[in-house]
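The next block holds one structure in the form of C-alpha cells; read it before the comments.
Positions are given from 1 along the sequence.
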Amino acid sequence: MRKLTKFITLRHLIVDSRMHIGFEFKTDPLLQKLIGTLTNVGWSEEFNMSYVINNPKNVEEIFSTFRGIAWINTKYFFKNRPANNLDAQEDLSSLKHRDIKYERACPLDYIAN
C-alpha cells in the first residue's frame, strides 16, 4: 500500500445560515477536480474554500471519492467521543482481590472503588 501524500481537512462552515462541510487543503489540481465532482459544491469567499451541505449522504460521498487518493483529516469535524457511553460501572473486584505474584504490583490505592 502506498503512502498517501495528499491531505484534506474537513471544517464546519455556516453559509447562508445553513451547516456545510468545508474543504481545507493545499492547492492540488487532482483534489480540485475531485471536489468538483461532489454533489452541489459551492465556493465561500468569506472562508476561501469549497463546501458541500452537511448531511450523512455527502459525508459518505466525500470518503468514497477520496479513498486511496487523499487522507481525510476529521480532527475538527467529528467530536472525540468514547465508543461506549453507557453509564454501567465495570466490576473491578477481581483486580482488588488477587494473589500478587510479582514484587512490584500496582498498589490497591490506584484501583477505583
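- The backbone N or O of Ile21 lies less than 3.5 Å from no partner atom in the side chain of His12, so there is not a single donor-acceptor pair.
- With contacts defined as side-chain heavy-atom distances shorter than 4.5 Å, the pair Asn40/Val52 does not qualify.
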**Prompt:** Would Trp71 and Ile8 satisfy side chain to side chain contact (heavy atoms under 4.5 Å, CB included), going step by step from the backbone distance to the final call?
**Reply:** CA-CA 6 Å; Trp71 178 263; Ile8 298 175; over 6 Å; no

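- No continuous path of ILVMFWY side-chain contacts below 4.5 Å connects Phe7 to Tyr76, so the two sit in separate hydrophobic clusters.
- Across every non-hydrogen atom of Arg18 and Ile53, the tightest pair is NH2-CD1, 3.7 Å.
- A chain of hydrophobic side-chain contacts below 4.5 Å, direct or via other Ile, Leu, Val, Met, Phe, Trp or Tyr residues, connects Phe77 to Val41.
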Solution key, residues 23-38 side-chain donor-acceptor pairs under 3.5 Å, sequence neighbours excluded:
from  : atom 1 : to    : atom 2 : distance (Å)
Glu24 : OE1    : Arg11 : NE     : 2.7
Glu24 : OE1    : Arg11 : NH2    : 3.1
Asp28 : OD1    : Leu30 : N      : 3.0
Asp28 : OD1    : Leu31 : N      : 3.1
Asp28 : OD2    : Lys6  : NZ     : 2.8
Thr37 : OG1    : Leu34 : O      : 2.5

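- Proximity of Thr39 to Asn58: side-chain heavy atoms (C-beta onward) are separated by under 4.5 Å at one or more points.
- Hydrophobic clustering, defined by side-chain heavy atoms of Ile, Leu, Val, Met, Phe, Trp and Tyr closer than 4.5 Å, groups Tyr51 together with Leu13, Val15, Phe47, Met49.
- Linking Ile, Leu, Val, Met, Phe, Trp and Tyr residues whenever their side-chain heavy atoms come within less than 4.5 Å leaves Trp43 and Ile14 in two separate clusters.
- Judged as a salt bridge (charged side-chain N to carboxylate O under 4.0 Å, His left out), not a single pair has a partner in residues 45-70 (not counting sequence neighbours).
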